[in-house]
Participant: 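Below you'll find the structure I mean.
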Amino acid sequence: MGLSIENYNTKIKNTWCPGCGNFGIHIGLKQALVDLKISPSEVVITFDIGCNGNGVDDIDGYRFKGLHGRSIALACGSHLANRKMTVIADIGDGGCLHEGVEHLIHGIRSNYDITVLIHNNQNFALTTGQATATTKEGKKMYALPDGKPEGDINIGELVLSLNPTFFARAYSGDPKQLTEIVKKGIKHKGFSVIEIMQLCPTYNPQSNGQWFKDRIKETTPKSTISEAVKCVKDTESIYTGVIYQNISRVDFSSKLENRKRIKTELVQEVKQGNIKNILSKYQ
Amino acid sequence: MGLSIENYNTKIKNTWCPGCGNFGIHIGLKQALVDLKISPSEVVITFDIGCNGNGVDDIDGYRFKGLHGRSIALACGSHLANRKMTVIADIGDGGCLHEGVEHLIHGIRSNYDITVLIHNNQNFALTTGQATATTKEGKKMYALPDGKPEGDINIGELVLSLNPTFFARAYSGDPKQLTEIVKKGIKHKGFSVIEIMQLCPTYNPQSNGQWFKDRIKETTPKSTISEAVKCVKDTESIYTGVIYQNISRVDFSSKLENRKRIKTELVQEVKQGNIKNILSKYQ
Amino acid sequence: MTHRFAVKFAGESGQGINTLGEILAKAIKNSGYHTFAYREYPSIIKGGYASYQMDFSSEELLASSKYSNFLASLAPEALSKYTTLIAPGGVIVHSIKDFEFSDEQLEYIRENKIEVVYIDTQKIAQESDAPLIMANVVILGYLWKLLGFDIKILEKQIRNHFKDKKNLDMEAEIRCLTGGYEFEYEIKGKEFTAKKRTDWSKSKMLTANQAIALGAISAGCRAYYAYPMTPSTDILNVLGSSYMQTGMVVKQAESEITAVQMVMGSMYMGTRAFTATSGGGFDLMSETLSCAGMTETPLVIVLGQRAGSGTGVPTWTGSSDLNVALNTGHGEFPRCVLASSDAIDSYELIQQAFNISEKYQIPVILLTEKQNAESLFNIKELPKPIKIVRSLKEGKNRYEITESGISPRWIPQKGKKTYLTNSDEHTADGISTEDPESIVQMAEKRMRKLLTLKKSIPQPKYYGAEDAKVVFVGMGTTKNAVLDAMKQTEKEIGCLHYEYIFPLQCEKILELSESKKRLVLIENNQTGELGELIKRECSYEFTEKLLKFDSRPFFVEDILDFLKK
Amino acid sequence: MTHRFAVKFAGESGQGINTLGEILAKAIKNSGYHTFAYREYPSIIKGGYASYQMDFSSEELLASSKYSNFLASLAPEALSKYTTLIAPGGVIVHSIKDFEFSDEQLEYIRENKIEVVYIDTQKIAQESDAPLIMANVVILGYLWKLLGFDIKILEKQIRNHFKDKKNLDMEAEIRCLTGGYEFEYEIKGKEFTAKKRTDWSKSKMLTANQAIALGAISAGCRAYYAYPMTPSTDILNVLGSSYMQTGMVVKQAESEITAVQMVMGSMYMGTRAFTATSGGGFDLMSETLSCAGMTETPLVIVLGQRAGSGTGVPTWTGSSDLNVALNTGHGEFPRCVLASSDAIDSYELIQQAFNISEKYQIPVILLTEKQNAESLFNIKELPKPIKIVRSLKEGKNRYEITESGISPRWIPQKGKKTYLTNSDEHTADGISTEDPESIVQMAEKRMRKLLTLKKSIPQPKYYGAEDAKVVFVGMGTTKNAVLDAMKQTEKEIGCLHYEYIFPLQCEKILELSESKKRLVLIENNQTGELGELIKRECSYEFTEKLLKFDSRPFFVEDILDFLKK
Ligand SMILES: Cc1ncc(C[n+]2csc(CCOP(=O)(O)OP(=O)(O)O)c2C)c(N)n1
Ligand SMILES: Cc1ncc(C[n+]2csc(CCOP(=O)(O)OP(=O)(O)O)c2C)c(N)n1
Ligand code: SF4
Ligand code: SF4
Ligand SMILES: [Mg+2]
Ligand SMILES: [Mg+2]
């Protein structure tokens with residue numbers, strides 16, 4: 001097949017700021033797909049609205065740039081229609097934790113077999129730098145001259161409180177590691193949440209390369225959720241890698257009694273259904 | 001003043017099923033308000049849509065029965081307008097964890113000084129018994145002949161993952177204890193989340209009085225969140241009482257730099273504002 | 001004039017009015033009569049007043065009469081509420097010990113020569129050594145006696161209905177039934193003796209919700225995502241409980257936004273999926289509707305209307321969400337709005353909705369109302385399924401600018417050409433654009449789909465006499481009361497009935513407006529929303545409007561009274 | 001005819017076009033000219049093409065000309081995009097080393113006798129020993145020279161703008177400015193020498209967003225809850241950064257649903273609060289709008305329209321959300337829709353919105369567009385604030401049925417009578433009802449508020465000559481291009497401008513339609529949504545429509561070209 005990163009590159013001029021972490025994320029993502037021998041026509045990527053969503057021009061595959069906060073829900077509907085495709089939901093920290101947090105939470109609960117990439121640049125970047133739940137409490141931001149007056153949300157703690165089957169942390173500045181983590185996420189048969197610490201020199205200059213280098217430490221998967229929680233709660237260092245994985249729980253569609261003996265995908269089954277026996281109930 | 005439960009009772013005929021836990025919850029709530037010497041005209045209660053919301057006819061005070069899933073957001077706006085009023089958001093497990101989970105999460109993050117009563121009867125009761133996130137995985141429910149195919153959400157774990165300042169569990173079958181817990185929740189200067197295990201003989205007959213009696217154990221507040229998490233994760237027993245409280249974090253409006261020296265409430269400040277100096281910026 | 005009869009079975013929510021009512025309706029149908037059954041119930045689980053009214057006749061019936069001939073009540077509030085809605089010469093049967101009618105009710109009973117029968121159903125249940133909770137079946141037996149119908153038919157229906165119910169003492173149920181049937185209080189001359197329809201027991205009784213669920217299966221629909229909301233919740237039940245036979249993915253979503261996004265995701269991938277909700281849930285879906293419009297992704301939403309804004313009157317009927325269906329979702333994009341009135345057109349229009357949505361790559365909204373969503377329509381047979389038309393086609397650019405406005409749509413598949421589906425305005429290749437000419441070109445292309453669609457939209461159906469002097473113009477369930485009224489009056493009345501609401505066809509309306517006929521707009525809302533649409537699209541303004549917005553459907557008498565004025 | 005001039009300052013997003021553009025606009029204003037400044041920018045943070053165009057004159061200006069006299073560009077894409085939008089005899093100044101114009105551009109430059117000046121701003125910055133990032137200021141200096149304006153005014157504006165900026169070498173900035181001003185490439189005869197307005201430097205320049213924020217403060221608004229969304233985001237910025245002086249609670253909510261629910265909660269409690277968003281966010285607010293309608297709770301929402309459905313063309317303009325503002329939110333309930341066109345009416349209409357919303361206890365939607373939300377309007381003074389009218393009144397029942405439709409509203413307060421606010425349909429005491437008569441009574445009471453409101457709604461404003469042959473009819477920013485066009489043509493044109501859109505007043509339209517005048521509907525959308533509303537409410541149908549939906553505003557030339565046809 002001879003799949004290479006080239007197959008995933010597009011001719012469209014990229015629009016991210018120089019030094020933006022989104023470049024690294026896409027390099028890592030493309031390499032992961034290439035390593036897994038997944039060709040662009042086998043991939044469905046749903047994009048949210050934000051700088052992360054503007055990545056839609058940068059990578060090939062079947063791409064759906066939908067609405068702000070909704071890329072996870074859109075991905076779940078796409079996945080269930082055709083589980084043969086690799087489905088990835090790309091979303092920003094703003095879209096994921098604010099507008100569309102319900103989709104993250106119930107996606108974990110239902111354990112759909114998709115991979116969620118959260119571009120955590122700790123601000124609403126595309127709307128010019130408002131605070132998000134991952135912006136440090138007290139930090140001065142757009143329309144907050146005296147700093148953010150609210151608490152933060154630790155993505156790892158939130159995800160781990162919902163009995164997830166896969167949570168990992170990656171860093172946009174380390175595409176190689178990102179590639180390995182995304183590969184594990186895609187191969188995981190369940191809802192894989194990957195929080196990617198993303199450089200945003202324009203609106204989050206404080207968390208620059210050096211800042212991350214001093215804090216990032218690679219770790220290994222924890223055997224229990226409470227250990228994983230301890231790991232993500234650490235405020236000094238930022239642990240990256242697959243932090244928790246549970247392969248015992250089956251993904252959503254495999255639990256559906258009525259799909260267990262069906263080999264086809266929903267996209268292949270659009271034929272006139274038989275209502276004869278159901279209709280008898282209405283006599 | 002001679003405040004009594006009578007002051008909170010209304011003449012309207014109640015519409016809950018016989019044996020419904022909502023009766024116990026309202027008895028406990030009314031007693032708490034009476035004990036705190038809070039008269040009906042000092043209370044604002046926002047109601048969600050569901051059997052819990054039909055309680056709007058049963059208790060006096062300024063009551064707003066809004067939309068499904070939104071009673072917490074409505075309560076936050078009401079509270080900020082007049083912090084002199086005791087504001088309570090009443091909501092079902094369906095409205096709170098499904099339609100409106102974003103409001104619970106960001107209410108905790110912002111730590112508004114209101115009290116949230118979650119009537120957890122483990123189903124969407126008013127729409128005739130569909131499964132919710134607190135319905136046990138595998139249980140047969142409306143339109144789920146082979147049982148619920150998804151995981152559950154443990155309200156305590158979710159709340160505790162967000163660095164809350166007050167989480168308690170109560171039981172509709174023990175109005176006395178509920179009264180004490182609600183009183184602590186109201187006195188707590190921050191976002192008090194009270195999960196109330198609620199009897200629903202119609203759609204959740206399995207979790208009846210006996211079932212709860214065998215499992216409920218009163219406990220005392222834990223000093224750390226991780227201990228509190230251990231306590232709520234226990235599957236054998238259901239620990240009730242204030243499980244975690246953090247009085248060091250200040251409530252949202254007290255953190256607002258521009259409100260620190262203002263004694264009045266927003267409802268008293270609707271006067272023509274001075275734009276002279278702001279306008280100078282536009283010269 | 002058709003001879004019709006109406007029996008109302010009433011009580012409190014939680015007393016099995018819904019279950020016993022359905023059994024009674026099907027037993028009447030199996031006794032050889034065309035039956036229409038309409039439910040009223042409160043927005044609480046137990047208490048309040050609830051009822052199931054069966055109207056039946058030898059001819060087809062599609063609506064209820066306001067006044068029932070019999071009223072059987074198991075509870076006091078229902079008895080007092082419905083007493084003054086009994087036709088002259090009617091019969092009240094109730095099981096409420098020492099119930100006291102109000103003066104006004106007594107006066108009404110006297111004036112209208114209504115017989116009142118108190119039947120101690122609990123005593124009869126004990127005498128038939130059956131548990132007290134089975135007492136309610138007793139009253140059914142007595143009602144059956146009054147009607148003069150064959151008890152075996154009702155017995156068979158009860159046995160059939162509870163056949164899968166574990167730990168139910170069926171024989172005790174039947175003993176209660178017979179006990180009521182043999183209750184000694186004889187009332188003669190109330191029997192219903194109209195001509196029976198031959199082998200009518202094979203006919204079906206189903207609600208619009210059920211017909212829509214069946215129609216979706218016939219249309220090859222493979223996924224249903226929904227959040228429960230009256231009056232559409234039962235669609236989730238029908239598809240959920242039959243999911244083993246159909247193999248459909250039936251998923252209760254965590255919100256209406258999730259539900260409609262999952263529908264858009266599944267339709268984008270190339271299967272067929274839909275969702276159903278009511279006004280408040282539909283409001284939450286409007287942003288996604290706009291996204292489907294811009295990305296030209298097929299989308300099918302059933303909007304089960306109910307009375308009122310806000311939470312409104314949740315378990316009662318109305319049709320005041322047409323403006324929302326026509327206009328919700330920011331910006332300008334083509335959509336199609338359909339409205340069903342009974343079980344037959346509900347079964348058909350959901351199939352049309354899928355075909356239109358895929359062929360024109362637009363959102364399609366099928367409007368129902370509590371009145372048809374939750375009423376039992378008696379039909380001989382469901383019509384043959386409509387051919388599935390998917391209009392899938394490979395092409396160079398997914399958003400190719402075409403004359404018809406329809407671009408090639410091929411579904412994401414290994415080996416096929418990848419493409420970008422983009423909620424930003426875009427050029428033919430899906431890439432975002434801010435270029436003025438491209439923006440105009442793409443906006444005009446999308447809107448051309450409406451012109452293309454309009455060519456295949458059928459004209460509204462005309463019912464009734466060609467020379468009718470009064471023609472009612474409406475959509476949804478209003479047609480049912482008008483058609484029933486036609487059989488109860490000498491007057492020649494017509495009904496111009498719209499199923500395809502937008503794009504709207506004007507020829508018939510303009511034709512009628514030029515004739516001397518009195519055109520009367522009939523709508524179950526306050527502002528005459530269909531009338532406004534007709535004014536906008538056809539420049540015809542109604543001078544006469546029959547608007548009803550008290551959360552009740554149009555009863556046959558509403559039409560007859562209007563004609564008398 | 002008024003002599004007007006246009007200077008376009010362009011480059012890439014991230015090159016300070018917005019900041020330097022604002023400085024240039026205010027400096028031109030301070031040089032004694034009425035100035036209108038219009039921004040174009042891409043939906044990305046860095047790159048693409050962005051511009052700030054200042055149109056100025058001795059007379060009042062409210063719109064941009066399509067062709068600018070000067071174009072100064074810091075980046076290649078902007079230079080090529082805007083070259084063919086320069087007026088004959090114009091000047092291009094750019095700082096892109098060895099930039100190559102396309103043949104088509106060279107041909108355009110030749111044909112229109114456009115002078116091209118390349119200025120090595122980086123070299124000048126170095127020569128003025130200023131850091132390279134300050135190079136962009138150089139071009140401002142040169143532009144100023146071409147205009148023949150007093151450099152001290154521009155210098156003062158730069159110092160004023162950056163006075164609070166820490167660690168900025170101000171003198172280096174000024175050296176760059178002077179370097180540009182003294183750039184040796186002399187072009188004579190391009191100076192702008194129209195009559196200067198006396199002491200015009202005291203006049204203000206602000207956007208509709210800023211005027212709305214100021215108007216809200218004047219209206220006694222005490223809380224602002226919002227989720228960021230172009231083009232309304234800046235209102236959060238204005239109120240957030242002035243929150244110490246105003247004491248307002250300014251809260252960025254986690255979603256539009258939270259924002260509008262918090263507004264409803266605060267208004268219910270008796271303070272004044274509002275939110276602002278764009279089309280997609282407004283869709284998410286529609287269910288709450290319906291709830292405010294049913295519960296008669298005051299609600300104020302600013303809908304900053306932008307081009308397109310879905311995500312659309314996020315940073316460009318359009319006015320295609322009128323249908324959504326008029327119809328969104330299920331069921332039938334009264335609402336009021338206003339639309340502002342510039343800074344003055346934005347400042348006034350937000351105050352009217354609060355008064356109307358509280359007096360009639362209804363949701364009020366104030367429509368703006370990217371075109372006025374983010375353009376700088378030059379005004380002498382803001383008008384005097386409008387008297388705050390709260391219409392609070394104690395009564396027996398919160399939802400008393402009254403003739404005017406307005407029930408007594410007293411705010412929740414210790415010692416006052418408690419009441420139930422209920423999104424279910426309800427009786428006068430707020431208790432849920434399913435009773436048909438009460439439902440009709442309450443629905444009619446709410447709708448009567450529209451009739452009461454309509455009595456106090458002003459007629460649309462007529463601008464231009466009484467004997468004008470052509471009268472444009474429109475709302476929002478379309479009026480601005482028409483008024484500017486009036487000053488550029490001999491032809492007598494008029495403009496009937498609606499600020500109060502619903503309930504709609506018809507007298508003036510019907511009067512004009514009877515006159516011989518040519519009425520031309522002018523709208524920045526594809527389907528003429530205001531025209532449809534006028535047809536519905538006033539039964540007048542436009543035969544001529546000037547519709548523009550390419551995401552650009554109406555330029556003066558668009559009106560003049562139309563008149564020529
Ligand atoms: C319903 C809706 N609300 C608001 C917006 C405006 N909006 C566009 S991008 C954005 C923020 C994106 O922040 P994040 O999700 O963190 O992505 P980032 O830009 O940081 O990559 C917002 C609020 C929108 N497009 N739709
Ligand atoms: C937007 C919207 N979606 C759906 C509904 C329908 N609905 C009414 S009550 C209810 C379920 C309530 O369940 P829960 O919140 O657990 O309260 P309970 O009835 O169990 O007390 C639903 C889904 C609604 N009213 N509004
Ligand atoms: S603003 Fe931040 S996230 Fe957006 S493109 Fe620039 S660096 Fe990347
Ligand atoms: S259904 Fe359950 S929650 Fe609702 S009133 Fe009955 S017992 Fe209470
Ligand atoms: Mg972000
Ligand atoms: Mg519940």
Side-chain angles (χ1 to χ4, degrees), chain C residues 42-43 48 257 278-284 286-287 289-291 293-295 305 307-316 318 320-321 323-324 326-333 422-425 432-434 436-437 439-440 443-444 447 525-527 529 532 535-536 539 541 549-552, chain D residues 42-43 48 257 278-284 286-287 289-291 293-295 305 307-316 318 320-321 323-324 326-333 422-425 432-434 436-437 439-440 443-444 447 525-527 529 532 535-536 539 541 549-552:
Chain C
S43 177
I257 296 176
S278 188
F282 184 73
D283 290 343
L284 292 170
S286 41
E287 195 199 4
L289 200 86
S290 179
C291 180
M294 171 58 96
T295 57
Q305 302 169 91
S309 48
T311 305
V313 200
T315 59
W316 297 81
S320 57
D321 293 345
N323 280 346
V324 163
L326 289 167
N327 293 293
T328 202
H330 66 285
E332 294 159 314
F333 55 90
N422 191 351
S423 68
D424 279 66
E425 187 57 279
S432 300
T433 184
E434 296 181 339
E437 282 75 32
I439 289 168
V440 171
E444 285 177 338
M447 280 299 182
N525 57 44
Q526 187 176 3
T527 57
E529 302 186 17
E532 301 284 357
K535 177 175 178 182
R536 192 183 94 192
S539 300
E541 200 164 349
F549 49 100
D550 63 356
S551 85
R552 268 51 174 188
Chain D
S43 178
I257 297 177
S278 187
F282 185 73
D283 290 345
L284 292 170
S286 40
E287 195 199 4
L289 200 85
S290 179
C291 180
M294 170 59 95
T295 58
Q305 299 170 93
S309 48
T311 305
V313 201
T315 61
W316 297 81
S320 57
D321 293 344
N323 280 347
V324 164
L326 288 167
N327 293 292
T328 203
H330 66 286
E332 295 158 313
F333 55 89
N422 191 351
S423 69
D424 279 66
E425 188 56 281
S432 300
T433 184
E434 294 179 341
E437 283 75 34
I439 288 167
V440 171
E444 285 177 337
M447 279 301 182
N525 57 45
Q526 187 176 3
T527 57
E529 303 186 17
E532 301 284 357
K535 176 175 180 180
R536 193 183 92 192
S539 299
E541 199 163 349
F549 50 98
D550 63 356
S551 86
R552 269 51 175 185

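The chains referred to below are lettered A, B, ... by the order of the sequence lines, with proteins before strands, and numbering in each begins at 1. Atom set for the values below is all heavy atoms of this structure, side chains included, hydrogens, waters and symmetry mates excluded.
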Participant: With chain C as the partner, which of D:Met447, D:Gln526, D:Arg536 has the greatest number of non-hydrogen pairs under 4.5 Å?
Facilitator: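 Maximum pair count with chain C is reached by D:Gln526.
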Participant: As an exercise: rank D:Ser320, D:Gly308, D:Gly48 by heavy-atom pairs under 4.5 Å with chain C and give me the winner.
Facilitator: D:Ser320
Participant: Let me know if D:Glu444 has heavy atoms under 4.5 Å from chain C in its side chain, its backbone, both or neither.
Facilitator: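 Backbone plus side chain of D:Glu444, per the 4.5 Å heavy-atom cut-off to chain C.
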Participant: Could you have a look at C:Glu287, C:Met294, C:Glu332 and say which one has the most heavy-atom pairs with chain D under 4.5 angstrom?
Facilitator: C:Glu332
Participant: How far does CD of C:Glu541 sit from NZ of D:Lys535, to the nearest 0.5 angstrom?
Facilitator: 10.0 Å
Participant: Pick from C:Leu284, C:Thr328, C:Asn525: which one has the most heavy-atom pairs with chain D under 4.5 Å?
Facilitator: C:Asn525
Participant: Using a cut-off of under 4.5 Å for heavy-atom pairs, which of C:Gly293, C:Pro42, C:Cys291, C:Gly318 has the most such pairs with chain D?
Facilitator: C:Pro42
Participant: I need the C:Glu434 CD to D:Asp550 CG distance, nearest 0.5 Å.
Facilitator: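 Result: 12.5 Å between the selected atoms.
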Participant: Look at D:Ser309, D:Gly281, D:Gly331 and state which one has the largest set of heavy-atom pairs under 4.5 Å with chain C.
Facilitator: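 Of the candidates given, the most pairs with chain C belong to D:Ser309.
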Participant: Applying side-chain contact (heavy atoms from CB on, under 4.5 Å) to C:Leu326 and D:Asn327, what does each step give before you reach the verdict?
Facilitator: CA-CA 9 Å; C:Leu326 289 167; D:Asn327 293 292; over 6 Å; no
Participant: Measure across C:Ser423 and D:Thr311 and return the closest heavy-atom pair with its distance rounded to 0.1 Å.
Facilitator: OG-OG1, 2.6 Å
Participant: Just give me the residue among C:Ser43, C:Ala307, C:Pro314, C:Gly280 that pairs up with chain D most often, heavy atom to heavy atom, under 4.5 Å.
Facilitator: C:Gly280
Participant: Is it the side chain or the backbone of D:Ile257 that comes within 4.5 Å of chain C heavy atoms, both, or neither?
Facilitator: side chain
Participant: Name the member of C:Ser278, C:Pro436, C:Gly279 that forms the most heavy-atom pairs with chain D at distances under 4.5 Å.
Facilitator: C:Pro436
Participant: Which one of D:Thr433, D:Ile439, D:Asp424 satisfies the side-chain contact (heavy atoms from CB on, under 4.5 Å) criterion with C:Val313?
Facilitator: D:Ile439
Participant: Is there a donor-acceptor contact under 3.5 Å linking the side chains of D:Glu425 and C:Ser551?
Facilitator: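 No pair is found: no donor N or O on one side chain lies under 3.5 Å from an acceptor on the other.
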Participant: D:His330 and C:Asp283: side-chain donor and acceptor closer than 3.5 Å?
Facilitator: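 The criterion, which ignores hydrogens and geometry beyond distance, is satisfied for C:Asp283 and D:His330.
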Participant: How close do D:Ser290 and C:Gly310 get, counting heavy atoms only, and between which atoms?
Facilitator: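 Heavy atoms only, the tightest pair is OG-N, 2.8 Å.
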Participant: Is C:Glu437 in contact with chain D via its backbone, its side chain, both, or neither, using a 4.5 Å heavy-atom distance?
Facilitator: neither
Participant: At a 4.5 Å cut-off on heavy atoms, which part of C:Phe549 comes close to chain D: side chain, backbone, both, or neither?
Facilitator: both
